[in-house]
Enquirer: 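What follows is a single structure, and I will ask about it in a moment.
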Amino acid sequence: MEYCSTRNSAARVQSAQAIAQGISAEGGLFVPCEFPQIDYQMLCELEQDDYAARAEKLMRLFLTDFSAEEVRDCVRGAYTEQKFDPSPAPVVLLNRSTYVLELWHGPTCAFKDMALQILPHLMTRAAAKTCDGKTVVILVATSGDTGKAALEGFRDVPNTKIIVFYPENGVSPMQKLQMATQEGENVSVCAIHGNFDDAQTGVKEIFTDPAVKQLLASHNMQFSSANSINWGRLLPQIVYYFSAYCDAMNSGEMDYNGEKINFVVPTGNFGNILAAHYARKMGLPINKLICASNANNVLTDFIRTGIYDRNRPFYTTQSPSMDILVSSNLERLLFDLTGGDACRVGAWMENLKTVGSYEVDDAVKQKISELFYGNWCSDVDAQATIRQLFETEGYLCDTHTAVAAGVYEKYVRETGDTTPTVIVSTASPYKFADAVLQAVTEEKQAIDDFAKVDMLAAVTGAPVPEPIAALRGKPVRFTQSCEVQQMTDAVLSMLNIR
């Protein structure tokens, strides 16, 4: 299988190069030139497998320059019982036709673990094939969860260094503590005085700066990414949509006859829902993909109008991992819906960069409206949803999952659609204990974060995940911060190559 760039369809590489490089030289994102098809027989086989076996079979279809043994070793090294308790991606039946796909049972209690536990395995093998012994420098911008998951995944991985930038006032206290206390000799963390979009733009500019790349090369280093712009991040996410469908079939609440299912996905950077779209392209019976946003509802407006406009207020919300106005992975969707028209996609991305907006043509608008539904949920509505789910279903969810559940309610009211539906749950409620505690108790005491964790556990009976409990009293290692304009200097300083 070959991969091309969303801004240069003639640039062809294999998967190892796409993963090791992270982003194409001209700034485009790597995408498969074609998608393998999953037929009825293979879907039935996947239904009988455990999660790791499903991942191995599906990922081998895309990693054709990896040996079968290499893929198996990557998968088995990532999805272990020790790292994921009780399993990587359990599906919980909420009511007769609604399920919750819990993706937060890994080492950092967020869905990013699903990809970032396997990416280091993929990256080290890809680097061995393509990087000629260079140290791979993983450069990451995070809105909260990616940073910690990437730091944990790449901690002390040989021949790698990882640098994470996060918005100083744009992550939850627990997310910040997770990153600031990160262990490992090859890890660095720096806050920026700005929002996630500033961090993401800064990272992309560093990636494509010829002078910086040349300086790294002179020190036997090269950049790569652990953000979802890297195909090695996106590919593992396709797996859990297939797995959720299989588990819904196994629940006995659905008859397996190719019955379609909806997925509701809380997303800011569009990678999580794009993985579901790719699963549908491969043959997974998906009816509608429901894109859930918070007050930073640029994706809602785009899905409804075809106009992408980041020239709007930026809101800091209780679902900070979705506080994003520039959704990088939307570029991959546009490439797909235009039939691989790199020129059109490149023009839209240039408009986004220079004037902050673009409008797609009527044909693309029509395709988007057929495939997706978009809506958004305020903090107030999300808190009401947390409280309602806990009181009526006995289910405790985090703020991002609440956005998804709230948007799903709006979707059903608008459409009357009764298709079985999976709500994608992206984080443990204990990563956002302050907001969740307020939702279920209206408690607003000025107490420390771990007191809130204890109180939430006492009120709800929901167990505190071990990775959260283990943070109590852990020493802070990283306190550095910088202006957005200083990010390049910060990278060179942390690499000791100034």
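Only a predicted model underlies this, so the values are computations on that prediction, with no experimental measurement involved.
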Enquirer: Please name all residues satisfying salt bridge (Lys or Arg N to Asp or Glu O under 4.0 Å) with E393, sequence neighbours left out, ordered by chain then number.
Expert: none

Enquirer: With sequence neighbours excluded, tell me which residues meet side-chain hydrogen bond (donor to acceptor under 3.5 Å, both in side chains) with T421.
Expert: N262, Y408

Enquirer: Examine R304 relative to F372 and say whether NZ or CZ is less than 6.0 Å from the centre of the six-membered ring and inside a 45° cone about the ring axis.
Expert: no

Enquirer: Indicate yes or no: does K112 engage D145 in a salt bridge with an N to O separation below 4.0 Å.
Expert: no

Enquirer: For Y79, check ring pair (Phe, Tyr, Trp, His ring centres under 6.0 Å) against everything at least two apart and list the hits.
Expert: Y51, F84

Enquirer: Check whether Y245 reaches the backbone of I286 with its side chain - one donor and one acceptor, N or O, closer than 3.5 Å.
Expert: no

Enquirer: Measure across S481 and E168 and return the closest heavy-atom pair with its distance rounded to 0.1 Å.
Expert: CB-OE2, 4.0 Å

Enquirer: Does the Lys NZ or Arg CZ of K410 fall within the cation-pi geometry relative to W376 - under 6.0 Å from the ring centre and within 45° of the axis?
Expert: yes

Enquirer: Just checking F432 against H400, ring centres under 6.0 Å apart?
Expert: yes

Enquirer: Hey, does the Lys NZ or Arg CZ of R233 hover above the aromatic six-ring of F30, less than 6.0 Å from the centre and inside 45° of the axis?
Expert: no

Enquirer: I'd like to know whether R472 forms a salt bridge (Lys or Arg N to Asp or Glu O under 4.0 Å) with D454, so could you lay out the CA-CA distance, the side-chain angles of the two residues, the decisive distance to 0.1 Å, and finally the verdict.
Expert: CA-CA 11 Å; R472 198 187 302 258; D454 293 340; 3.0 Å; yes

Enquirer: Could you tell me whether the side chain of R54 and the main chain of E47 form a donor-acceptor pair under 3.5 Å?
Expert: yes

Enquirer: Using the test salt bridge (Lys or Arg N to Asp or Glu O under 4.0 Å), find all partners of D49 that sit at least two apart in sequence or belong to another chain.
Expert: K57

Enquirer: Return the set of residues passing salt bridge (Lys or Arg N to Asp or Glu O under 4.0 Å) with D323 (not counting sequence neighbours), or none when no residue passes.
Expert: none

Enquirer: With sequence neighbours left out, what residues match R155 under side-chain contact (heavy atoms from CB on, under 4.5 Å)?
Expert: E152, Q182, E183

